[in-house]
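Written below as structure tokens is the structure these notes are about.
A quick note: this is a predicted structure, and the numbers were derived from the prediction, not measured. Every chain is numbered from 1 and lettered A, B, ... according to where its sequence line falls, protein lines coming before strand lines.
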Number of protein chains: 2
Amino acid sequence: MTLDEAWRILQGRQFKRTKNRETILEFFSENDRYLTAMEVRNFMIEDNPGISFDTIYRNLTTFSELGILEETELNGERHFRMQCDHGVHHHHFICTACGKTRNIPHCPMESVSVNLQGYEVEGHKFEIYGKCPVCVEQ
Amino acid sequence: MTLDEAWRILQGRQFKRTKNRETILEFFSENDRYLTAMEVRNFMIEDNPGISFDTIYRNLTTFSELGILEETELNGERHFRMQCDHGVHHHHFICTACGKTRNIPHCPMESVSVNLQGYEVEGHKFEIYGKCPVCVEQ
DNA sequence: ACTAGTAATCGTAATCGTTCCTGTTTACCC
DNA sequence: GGGTAAACAGGAACGATTACGATTACTAGT
């Protein structure tokens, strides 16, 4: 997702264009990996030393709900990254050291043979964890 | 996993047979679903009003490491359940209302076509979330 | 451009799940 | 039964996240 696409979504829903939102989106568009609220804060604090976690979490949640960011949970912490390939369903290999991901186009839901009649499926998660080639060397 | 199997594992590693451990294992063997530390506490508190969270978490973590319980994270909280079909790799449909699960024998790792050469795979997670037939009716 | 109205923010305190700490109790081996 | 290390209770501390009242800053309408 590009910055322009993100702003188009936000302005289509009457969200205002603020400096904080610009900084957050800039950070994600320049860092193509899963990031924590703390990492976002450490970046923002240079421009805005008084930045509040309330602001960060509120915006991250908003962006996630609007499909601008995607979200996952790694060792008890929320992680966010810019939505990639918007619209096309996929999964990720996630590096547990740096947060970088690699797309996995195959979705296991297509080949699940279990009969889930009577069940109401709300979602699914398929992630592979490990170290990317760069972090293997460290 | 039966209570006998669990105790055989524990005693093989010189873990002591305490009242608290008996209560925890009894609770899991009678409740075939994912449970939180709080639910465990609410059950234990009847026998032992002074039960400490430290004791609960310490034992849940131990049991999980020994393969007696299996663990997953649902909306930011650790959930535990008795290890089912010990040894046989499988995945779960998980009811987000009651924590009950249904086994999914198919493992997506077998059909992942992405080349992960140079990567170090540490683990994976495949879970389907939704409502079980009982909770759909509520 | 000016102003009103409302969304967004700041700063701080509170919450929640989980872990740490210290002194005491308990299970197990002899 | 006595010694010893494991297990425990109670409470304090922790890190991530959320809630809150007061203030600031966008944006639309004049």
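For B:Asn20 and D:dA9, the shortest distance from a side-chain N or O to OP1 or OP2 is below 4.0 Å. B:Arg21 has no side-chain polar atom (N or O) that falls below the 4.0 Å cut-off from OP1 or OP2 of D:dA6. Taking side-chain N and O atoms only, A:Thr18 has no distance below 4.0 Å to OP1 or OP2 of D:dA25.
Using a 4.5 Å cut-off on side-chain heavy atoms (C-beta onward), A:Ile128 and A:Arg102 make no contact. In this structure, the side chains of A:Cys84 and A:His92 come closer than 4.5 Å at one or more pairs of heavy atoms. In this structure the side chain of A:Asn48 never reaches within 4.5 angstrom of the side chain of A:Lys19, judged on heavy atoms.
Between the CD1 atom of B:Ile56 and the P atom of D:dA7 there is a distance of 16 Å, given to the nearest Å. For the pair B:Lys16 NZ and C:dA27 C1', the interatomic distance rounds to 5 Å; values are reported in whole Å. If you measure from atom CD of A:Glu71 to atom C1' of D:dA16, you get 13 Å, rounded to the nearest angstrom. Atom CD in B:Gln14 sits about 10 Å away from atom P in D:dA6, given to the nearest Å. The interatomic distance linking B:Arg13 (CZ) with D:dA5 (C1') rounds to 18 Å, in whole Å. For the pair A:Arg17 CZ and D:dA28 C1', the interatomic distance rounds to 17 Å; values are reported in whole Å. In this structure, OH of A:Tyr57 is placed 19 Å from P of C:dA13, rounded to the nearest angstrom. With rounding to whole Å, A:Asn59 atom CG is found 16 Å from D:dA25 atom P.
The 12-atom threshold is exceeded at CG of A:Asn42, counting heavy atoms of other residues, nucleotides or ligands nearer than 6.0 Å.
Nearest heavy atom pair, residue A:Phe93 against residue A:Gly130, reads CZ-C, 3.6 Å.
Evaluation of the side chain to side chain contact (heavy atoms under 4.5 Å, CB included) rule for B:Val136 yields A:Glu120, B:Lys131 as partners, not counting sequence neighbours. For B:His106, the ring-ring contact (aromatic ring centres under 6.0 Å, His included) test picks out no residue, with sequence neighbours left out.
Residue contacts for B:Arg58: at a heavy-atom cut-off of 4.0 Å it reaches a base atom on one of the strands shown.
Counting only heavy atoms from C-beta on, B:Glu77 has its side chain closest to C:dG17 among D:dA7, C:dG17, D:dA16.
A heavy atom closer than 4.0 Å to some atom of DNA chain C occurs in A:Asn48, A:Gly50, A:Ile51, A:Ser52, A:Asp54, A:Thr55, these being the qualifying members of residues 27-55 of chain A.
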